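Comments concern the structure below.
Quantities reported herein were computed from a predicted structural model and do not represent experimental measurements. In what follows, every heavy atom counts, from backbone to side chain, and hydrogens, waters and symmetry copies are set aside. First the proteins, then the strands, lettered A, B, ... as listed; each starts at 1.
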2 protein chains.
Amino acid sequence: MSKSKQPTIIDVASEAGVSIATVSNVLNRRKVPMAPETIRKVEEAIVRLGYRRNVMATNLSRRRSYELGLIIPHFGGYYGRFAESLEQKVHRFGYHLSVFSAAGMDPEIEQRHLEHLLQRRVDGLVSHGLAMSMKSTQQLVGGGTPLVIFNGWGWPEEIVQLAVNLDFAKASAQAVRSFLNNGCRSVIYVGKSNGMGANDQRIQGFLSGLGNDSEPVVHALLDVSELGVARTLDEALRLSGECRPIGIYTFNDALALEILALCHERGIRVPEDVQLIGMDNELYSKASFPAITSFDMPVDLQTSLVAAFLMKQIGEDLDEESTLLLEEHLPRAIGHELLIDLDMIVRKSTIA
Amino acid sequence: MSKSKQPTIIDVASEAGVSIATVSNVLNRRKVPMAPETIRKVEEAIVRLGYRRNVMATNLSRRRSYELGLIIPHFGGYYGRFAESLEQKVHRFGYHLSVFSAAGMDPEIEQRHLEHLLQRRVDGLVSHGLAMSMKSTQQLVGGGTPLVIFNGWGWPEEIVQLAVNLDFAKASAQAVRSFLNNGCRSVIYVGKSNGMGANDQRIQGFLSGLGNDSEPVVHALLDVSELGVARTLDEALRLSGECRPIGIYTFNDALALEILALCHERGIRVPEDVQLIGMDNELYSKASFPAITSFDMPVDLQTSLVAAFLMKQIGEDLDEESTLLLEEHLPRAIGHELLIDLDMIVRKSTIA
DNA sequence: CTGTTAGCGCTTTCAC
DNA sequence: GTGAAAGCGCTAACAG
């Protein structure tokens, strides 16, 4: 590679007839006073040579990277939106965000990415509730790189500085109650056992929504990762017997949509026979037929909180907006876990 | 930050009682022969200290980063799948892939990411057909960083080493012919003017599919970015008059789905009154009702080609599989543009 | 087999 | 205002 041809600060210096220190000065526009003439000369030399600063050298010298890392299970749907939103947020603070996908919840890949980011000496890390063992704690704790997670429960404070979580439990309880109010005589949760903490939260909420007084209604927890979607629906139907309508609450909209497709195939009417509630409020849940009731994810609030908190940890000055945001939410945290409410978007899959 | 506490190779050396060169040697497992005892001592020191190599220093010294950069318009759907697939592919060659989203086709953000990646001295770059001006060419050409794009047309070879494109034109022609075969008396293309080259390709194919002999069939090109989806459908209906069924071919599945939803709302029957063909073969096009006919994107083939080509450019040894792949496809390239076929997946939105 | 040393490209005192 | 020089953490000859 003609890589070696990349001009350096030395080339610029000699081209401009100044010292490299001076070049560095104009590059970093420090408070150092400089002759406008000098500045001009340097700037001209820079364009003439097509000089481009070498970030590795810069960071090495500064002992700071102005880089943040994000690890998500995949790029689609909610996670993709999260990444995009966070990228913009941290950009306002002058940071870059490198995004890596952990290929579904693969702990190994997760770890590989984390390690790499750490080796790159990013200034901060954010990740979904990790699938890997908490033992990897050591690595993180070792280098004081701040780590904040989103939608992860039960992580010790020594590892994770903050967890910005969505209140799936509350939402799930609301979903169940909504089914009951709509006259459902059977309610089923269709979860994904590989959904980690997010699945547990839903289950917990689902159960609490049924009430302590063990309502006289058919109910069950199914696991689609185990049964597959077709057999899951079979099972839901079987368990419900004659009890109609059946309320099916799914781990996410993608799942709800698949079940909806199956219902169409088998002539099961939605919402007359089966009512459906999903999670994520994906574009297609609005555009499906019938449209699917779902919960909207406040991605923007979540990323704002993550960004603000991380910036503060890193020692960046916060603008007023971020400061207020933190002041409003942080006190409500349980330990270091923040809980954010979800809004239910009622659509045709639950109302006649 | 306790950042400064991060142990360095020097700490490891003294902890192990050897020189830093030795540490570096065991770290990089070079062909250099070493006493097993020495290796053990060093490795122990490494874990004891929780040493983590500083990639910036390493890269600076090696003048090589083993990093690749990918820029996509957003993380969702096809692009997200592309990113995930490419990440895995290059990983096999020992490379990391940093993914950045250009926030929809924003040329400014695109440029910012590109510049950043270049400053980070990545070994190679891949991007969707860029939205930014070709003038930015200078920057890229300057540092001999190889750039390959996917789904970008008309980029000069001086800028782009290779373009791995999907044959949207051919697919579009096929879509049209399929409509005609199914008895459509009106065929409409609903495109997105901000779809760049990909949209142009579709238009071109759409027109050629109609045949040179200007078939006696109603046809039109509509632009949803301009009209919005509701008015686009109105327009399609108006233009078609009594000619049924109408074949509507959309830029992508997301758009097809929205139109489908509108049809349901207005009692327009699919496929009796309107037939629909999308593009991307998203999960939801299979699970929608009726399921939407679409074109499947051979993401895996595309990323394999991109990865193989890039590795070759960088001077990495290719495994046999990659070599064969390149030998099979490269000769078919038109200039430096490769064209890959799409498969039409026929579903209920086009057949009764 | 192991250690010395000269960089990699840039930042940052601290004199001049 | 500007420049000389000492690192930042690591690699890669080259001696020994």
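- Residue contacts shown for A/V18 are limited to sugar-phosphate atoms, with no base heavy atom under 4.0 Å away.
- For the pairing with A/L70, the side chain to side chain contact (heavy atoms under 4.5 Å, CB included) check across A/T303, A/V126, A/L125 returns one residue only, A/V126.
- Nucleotide D/dC10 holds its P atom 14 Å from the CG atom of B/N25, rounded to whole Å.
- Put simply, the side chain of B/S61 and the base of C/dG7 share a donor and an acceptor less than 3.5 Å apart.
- Distance alone, capped at 3.5 Å, places no donor-acceptor pair between the A/S61 side chain and the A/A57 backbone.
- Scanning atom types as modelled, no donor and acceptor separated by under 3.5 angstrom connect the side chain of A/T58 and the base of C/dG9.
- For B/N28 and D/dA13, the CG to C1' distance is 14 Å, given to the nearest whole Å.
- Remark on DNA chain C: of its neighbouring residues B/A57 and B/G17, the 5'-side contact belongs to B/G17, judged by nearest-heavy-atom nucleotide.
- Comparing B/T22 and B/L60 by the nucleotide of DNA chain C whose heavy atom lies nearest to each, the residue mapping closer to the 5' end is B/T22.
- Considering only side-chain atoms of B/N54, the nucleotide from C/dT4, D/dC10, D/dC8 that sits closest is D/dC10.
- At the heavy-atom level, B/A35 lies under 4.0 Å from the strands shown only through sugar-phosphate atoms.
- A salt bridge links B/R52 to A/E115: at least one charged side-chain nitrogen sits closer than 4.0 Å to a carboxylate oxygen.
- The side chain of A/A21 approaches D/dA5 more closely than any other nucleotide in the set C/dG9, D/dA13, D/dA5.
- Of all nucleotides listed (D/dT2, C/dG3, C/dG9), D/dT2 comes nearest to the side chain of A/T38.
- For B/R63, taking side-chain heavy atoms from C-beta onward, the closest of the listed nucleotides D/dG3, D/dT11, C/dC8 is C/dC8.
- Between the CZ atom of B/R64 and the P atom of C/dG9 there is a distance of 15 Å, given to the nearest Å.
- Cation-pi check for A/R53 over A/Y51 is not met; the charged atom does not lie both under 6.0 angstrom from the ring centroid and within 45 degrees of its normal.
- The nearest whole Å value for the distance from the CD1 atom in A/I9 to the P atom in C/dC10 is 5 Å.
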